[in-house]
2 protein chains.
Amino acid sequence: MSRGDASDRLTGVSGASPTRVTVTDVARAAGVARATAARVLGGYGSVHAGLQERVREAAAALGYQPNTLARSMATGVTHTIGVVVADIGNPFFAGVVRGIADSARAAGYDTIVVNTDESAVREQDAVRVLLGKQIDGLVVASAVGAADDPAHLRAAVERGVPVVAVDRELPALDVDAVVIDNHDIAAAAVRHLTAAGHRRVALAWGPALPHRPRSLRTLLDASGRDLPTSGARLRGWADALTEAGHEPDPALVMTGSQTIEGVRRFVTRQLQADDPATAVFATETDAVLGTLAAARDLGLRIPEDLSVVGFDDSPWATVTVPALTMVEQPVRQLGQTAAARLVQRIEGRGAGAARTRALRGRLVERDSVAAPRA
Amino acid sequence: MSRGDASDRLTGVSGASPTRVTVTDVARAAGVARATAARVLGGYGSVHAGLQERVREAAAALGYQPNTLARSMATGVTHTIGVVVADIGNPFFAGVVRGIADSARAAGYDTIVVNTDESAVREQDAVRVLLGKQIDGLVVASAVGAADDPAHLRAAVERGVPVVAVDRELPALDVDAVVIDNHDIAAAAVRHLTAAGHRRVALAWGPALPHRPRSLRTLLDASGRDLPTSGARLRGWADALTEAGHEPDPALVMTGSQTIEGVRRFVTRQLQADDPATAVFATETDAVLGTLAAARDLGLRIPEDLSVVGFDDSPWATVTVPALTMVEQPVRQLGQTAAARLVQRIEGRGAGAARTRALRGRLVERDSVAAPRA
DNA sequence: ATGAAAGCGCTAACAT
DNA sequence: ATGTTAGCGCTTTCAT
């Protein structure tokens, strides 16, 4: 931790130069003042062409590399945005992150990505770390429920660090958000099923609750406290069913352990019930996998015995048998839009009230939906 | 860039405090010297309990948050490792990154992840940015071919920044590496096919080459210049075939455009050839998808008409029909091991010569392999 | 156009 | 145990 350790390291690993070369070194070698060398190396102010040359040569000869930390200390700006994402292992978020990086890069910003594994604690940590690193702005796909107070993010806002929510809104905070219109696309997906004649459409998965709510209202209320995306999808499901004249039965909604295995058990139960579900709306990739596993367990054929619509289209959805009808989300665009908005905020343009921008999902129809058995 | 802009931003976005609170502010509020405040806030040195209390209260009251940049400037250490990864959208690398972050976090290091989308130019950029941010070490899954000179990474090493290669070795550089034993697991996969009676095992995909090499030697040489992983898998394929007494025919190796569509065309051609392939060894996820697409196009059944072994086991490999026999790689462990090694290097323990550590893949047998048709 | 000097927020010698 | 002072590498007045 001491300076001594640091230089031990420098000399120890490989016959490396025992000390980094700084503007001071370059200035001395070029025979100019530090300020002059700094001006050409930093690309600001104005310096006689001849001197520029000399400084550049000296810098190249010494192998000078700028220290961005020092620059940031002096300017108060890092040209870096932080990204806090709940699950980088999910291709959805991976795509979002790439979109953010694309857009940020184009605007001259670096990105630092931190994964929280859906843990609220790690999210707080991540935000603290990023703020400590003096990022200029923050894009966050938060793991906190819609009802929880995101104090760590409020701290960012209060310090004047612009925050943009991506995919998951932050109703408790007055910040910009870029999301998918989950209610509409979910409703469209379920409408596709009711149009084919389905009345009993199971939903996997919904909010994680300790025990199954009896009434639809209780369920909707509970989901309002869950992740905003999952609540919106649930409401879309309910609205589409209602619209088709069917009662949205809370018993059709999975509220238990949200894992592939949990879905498998839930769907199995739904298919063996007295008034069995004839279709499943799977709102996450893992829910699709669990549903397919359940169907195979029971020897049910898709779509003859069971119709399925799932979230997050992916290349493998075309090689299953049958190919799956899926909701496609504009992931990359989601990230790009969020980063663009953030850069606007950082650079002081686009001031004004926080705004939520909703992007549209798309239903990709393949072969996993048919009319229910008579 | 100017200080003026920065404070405009601070005041503009929300009624935020126009200036950050520093140790100096806290010290003044607590009525102690800066050093004293710094000691308790930074958690070093020793300070009378009573004063500690007072400083902490003042800090809390003012909402003090440490500036890690300034700390790093003073100490010369960032407690941050950089991760450069070729494709964060690939679940394989997503898993590796999580492993790295786990392990780093446990050792008290933050991680900064940069994605390069398999572009050598962006990789250079990424490394420069990370070095500028004064990271303490670097984990890299490089996009550069085994034959290319990774000057950007050499620069890191020469500056005394420890580098650990993950998944993809850097033969041109004397650095630690943590990889999968691609040769062995590929050979095991192909052996599994020859054991079932296959002689004509197509490989999708191999090295990207402008035109198909005529001889096996030319092919192997060419692949030596490609990504180290793909070369090793190719050699594993060749060795397993040879071992079973079959000539590894270079015509069975895909060398063209490495996309799902490219694989689909390649496999289609292989299956319609005079002496058709009876099995496909797909060395990447997208190669598996292309292979399945080709089989479906031709109305071939797996495994009756075509056997398939693929790389990168994944939950969806169990829900295809049939479930797929796949190579599973210990992705998380790969990342954890790499980060652990890096931390050792950073902290000066585990000095000595660079070492490559190879982790073993595992063949997960399911239902996509059978004896070839007579 | 160039140079001298101050300062960003923190840590770390060096007094006391 | 506390305070004083210098300094990390850079940018940015302010002189000249």
Side-chain angles (χ1 to χ4, degrees), chain A residues 1-7 10 18-28 30-55 59 62-79 131-134 136 159, chain B residues 1-7 10 18-28 30-55 59 62-79 131-134 136 159:
Chain A
M1 196 83 66
S2 74
R3 185 152 299 281
D5 288 348
S7 52
L10 287 173
T19 177
R20 252 86 147 163
V21 13
T22 73
V23 272
T24 311
D25 302 322
V26 175
R28 187 169 12 195
V32 299
R34 271 179 24 209
T36 306
R39 279 190 259 258
V40 2
L41 265 15
Y44 55 91
S46 46
V47 173
H48 187 75
L51 280 191
Q52 290 213 21
E53 181 91 353
R54 251 168 60 202
V55 170
L62 297 178
Y64 170 79
Q65 292 294 130
N67 180 332
T68 343
L69 249 50
R71 174 174 299 167
S72 297
M73 278 252 44
T75 59
V77 161
T78 55
H79 275 281
L131 290 179
K133 289 191 192 299
Q134 310 301 112
D136 294 342
R159 277 181 53 181
Chain B
M1 193 81 73
S2 78
R3 186 151 300 283
D5 288 346
S7 52
L10 286 173
T19 179
R20 251 88 148 162
V21 12
T22 73
V23 272
T24 311
D25 302 324
V26 175
R28 187 170 13 201
V32 299
R34 268 176 31 207
T36 306
R39 279 190 259 259
V40 2
L41 265 15
Y44 57 91
S46 49
V47 172
H48 188 77
L51 280 192
Q52 290 213 22
E53 181 91 354
R54 251 170 58 205
V55 171
L62 297 177
Y64 169 80
Q65 293 294 130
N67 180 334
T68 344
L69 250 48
R71 174 174 301 168
S72 297
M73 280 254 40
T75 58
V77 160
T78 55
H79 275 282
L131 290 180
K133 289 190 191 299
Q134 310 301 111
D136 294 342
R159 279 181 54 181

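Side chains are part of it too, since the values below use all heavy atoms of this structure and drop only hydrogens, waters and symmetry mates. All chains are named by letter (A, B, ...) in the order of the sequence lines, taking the proteins before the strands, and each is independently numbered beginning at 1.
- Proximity of B/Ser46 to the phosphate of D/dA1: a side-chain N or O atom is located under 4.0 Å from OP1 or OP2.
- To the nearest angstrom, P of D/dG9 lies 11 Å from CZ of B/Arg159.
- As a whole-Å value, the separation of A/Arg71 CZ from D/dC8 P is 18 Å.
- The nearest whole Å value for the distance from the CE atom in A/Met73 to the C1' atom in C/dG7 is 9 Å.
- Here OG1 of B/Thr36 is found 10.5 Å from CD of B/Gln52. Values are rounded to the nearest 0.5 Å.
- Two residues, A/Gly31 and B/Arg34, neighbour DNA chain C, and the one matched to the more 5' nucleotide by heavy-atom proximity is A/Gly31.
- A sub-4.0 Å separation between OP1 or OP2 of D/dT11 and a side-chain N or O of A/Tyr44 is present.
- Distances shown here put a side-chain N or O of A/Thr36 below 4.0 Å from the OP1 or OP2 atom of C/dG3.
- Between B/Asn67 and A/Ala37, the residue anchored nearer the 5' end of DNA chain C, judged by the nucleotide with its closest heavy atom, is A/Ala37.
- Note: CG (B/Leu69) to P (C/dC10) measures 11 Å, nearest angstrom.
- In this structure a side-chain-to-backbone donor-acceptor pair under 3.5 Å is missing from A/Arg34 to A/Thr24.
- With D/dT12, C/dG9, C/dT2 as the candidates, the nucleotide lying closest to the side chain of B/Ala74 is C/dG9.
- Considering only side-chain atoms of A/Ala38, the nucleotide from C/dT11, C/dT2, D/dT11 that sits closest is D/dT11.
- In this structure, the CD atom of A/Gln52 is 11 Å from the C1' atom of C/dA1, given to the nearest Å.
- Set against D/dT11, C/dA12, D/dC10, the side chain of A/Thr22 has D/dC10 as its closest nucleotide.
- For the pair B/Lys133 NZ and D/dC10 P, the interatomic distance rounds to 15 Å; values are reported in whole Å.
- Distance CZ (B/Arg20) to C1' (C/dC10): 15 Å, rounded to an integer number of Å.
- Residues B/Leu69 and A/Thr78 have side chains in contact (heavy-atom distance under 4.5 Å, counting atoms from C-beta outward).
- B/Arg159 places no side-chain N or O within 3.5 Å of a backbone atom of A/Arg20 that could act as its donor or acceptor partner.
- Here A/Leu51 lies in heavy-atom contact (under 4.0 Å) with sugar-phosphate atoms only.
- Fit an axis to the five pairs at each end of the helix from C/dA1-D/dT16 to C/dT16-D/dA1 and the two axes sit 40° apart, to the nearest 10 degrees.
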Notebook entry, point to check: How far apart are the C-alpha atoms of A/Val40 and A/Val26, what are their side-chain angles, what is the distance that settles it, and do they pass the side chain to side chain contact (heavy atoms under 4.5 Å, CB included) test?
Noted result: CA-CA 11 Å; A/Val40 2; A/Val26 175; over 6 Å; no
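- Here D/dG9 presents its C1' atom at 16 Å from CZ of A/Arg39, a figure rounded to the nearest Å.
- The nucleotide whose nearest atom lies closest to any side-chain atom of B/Tyr64 is, among D/dC10, C/dC10, C/dG3, C/dC10.
- One finds the OG atom of A/Ser72 at 8.0 Å from the CG atom of A/Asp136 (value rounded to the nearest 0.5 Å).
- Using a 4.5 Å cut-off on side-chain heavy atoms (C-beta onward), A/Leu131 and B/Gln65 make no contact.
- In this structure the side chain of A/Val55 reaches within 4.5 angstrom of the side chain of A/Leu41, judged on heavy atoms.
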